[in-house]
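All remarks here apply to the structure that follows.
Please read all numbers here as calculations on a predicted model, not as lab measurements. What's counted below: heavy atoms across the whole structure, side chains too, no hydrogens, waters or symmetry copies. In this chain, numbering begins with 1 at the start of the sequence shown.
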Amino acid sequence: MARDAINKDGRSSALEKTLAVLEAIVEQPQSVGVPDLAERLGISRQSMHRLLNQLDEHGLIIKVPKRDRFAIGERFSKLAIAAMCSANKGIPILGIIQQVVEEIGESCVLGVIIGREFVYLERAEAEHYPRIYLETGDRMPPYCTSGGKAMLAFLPASTRSRLLETLTLTKFTQNTITSIKSLKQELEEIRERGYATANQEYADGMVGVGVPVLGPDGASLAALGMHGPTTRVSLDRAPEIAVKLQSAAERLAEFWYMAD
């Protein structure tokens with residue numbers, strides 16, 4: 001929860017107020033207005049408006065067009081993602097991913113949805129060939145990749161609905177989902193079983209299994225996915241692979257919370 005902006009003695013630094021505002025905005029499922037933030041944090045509306053405009057100027061938050069409401073900005077999102085994956089944080093993210101690669105025998109990636117794309121934050125490659133090369137920073141459509149679908153399925157319902165409204169379902173293969181109705185149905189199935197699969201939906205000859213990295217509220221923070229060639233991987237193994245991925249995803253979530 002957002003910290004109190006005003007100390008018991010009535011004083012507070014500009015930094016404390018800034019952090020309190022950012023925390024309060026992050027906690028909201030949708031954009032939030034000046035009156036709500038001012039009342040919640042005990043800051044005057046004039047001061048709140050000035051602080052929000054400064055944060056908007058620096059890209060940490062963004063003002064909703066034609067409305068005096070604010071949401072998290074791209075710069076803040078990038079900082080948060082970089083912090084999660086920074087080696088300087090002491091979280092052995094790559095080590096956890098490498099361990100599950102050894103258990104499954106196929107390459108794995110960790111990613112998040114940014115905007116309308118699933119962005120790879122970290123990856124570990126299997127040793128044997130052939131293998132599919134994906135680099136940190138690569139962007140993929142979330143609706144036809146196992147990690148993207150896993151994260152989509154476990155987003156808060158309101159966030160997922162707004163995102164689905166903006167997606168254009170481009171057809172990449174014969175198996176690509178091109179109907180929003182079909183995609184919604186599959187996401188429901190993913191929530192029920194706890195993992196996603198991708199059967200040659202982005203590229204012929206490539207399959208994947210993905211699971212969400214869940215926060216305390218049960219919503220997805222990121223997703224961990226395995227991908228491999230059909231010449232070596234069968235989706236008949238999906239339940240077995242999902243169990244290993246889920247164990248790794250739980251460890252990732254634990255380390256993130258321990259580091260907070």
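Leu187 has its side chain within reach of Leu183: a pair of non-hydrogen atoms, C-beta onward, lies under 4.5 Å apart.
A salt bridge is absent between Glu39 and Arg45; no separation between the charged side-chain nitrogens and carboxylate oxygens falls under 4.0 Å. Ion pairing of Arg251 with Glu254 is absent here, as no side-chain N (NZ or NE/NH1/NH2) approaches a carboxylate O to less than 4.0 Å.
For the residue pair Glu125 and Ser107, the shortest heavy atom distance occurs at OE1-OG, 2.8 Å.
There is a side-chain donor-acceptor pair under 3.5 Å between Ser44 and Ser47. In this model, no donor atom of one side chain and acceptor atom of the other lie less than 3.5 Å apart for Arg162 and Thr166.
Atom CE in Met226 sits 14.0 Å away from atom CD1 in Ile97 (nearest 0.5 Å). Considering OG1 of Thr170 and CD1 of Ile177, their distance stands at 13.5 Å, rounded to 0.5 Å. One distance of note links CG of Leu52 with CZ of Arg69; it measures 11.5 Å at 0.5 Å rounding. Separating the CE atom in Met48 from the NZ atom in Lys17 is a distance of 9.0 Å, to the nearest 0.5 Å. If you take CG on Asn199 and CE on Met206, they are separated by 11.0 Å, rounding to the nearest 0.5 Å.
Listed for the Thr176 side chain is a donor-acceptor partner under 3.5 Å among the backbone atoms of Glu201.
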Should Ile113 and Val119 be marked as a side chain to side chain contact (heavy atoms under 4.5 Å, CB included) after you check the CA-CA gap, both sets of side-chain angles, and the distance that decides it? CA-CA 6 Å; Ile113 292 176; Val119 182; over 6 Å; no

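The aromatic rings of His49 and Phe70 stand perpendicular to each other, their planes meeting at an angle above 60°, with 30° marking the opposite boundary.
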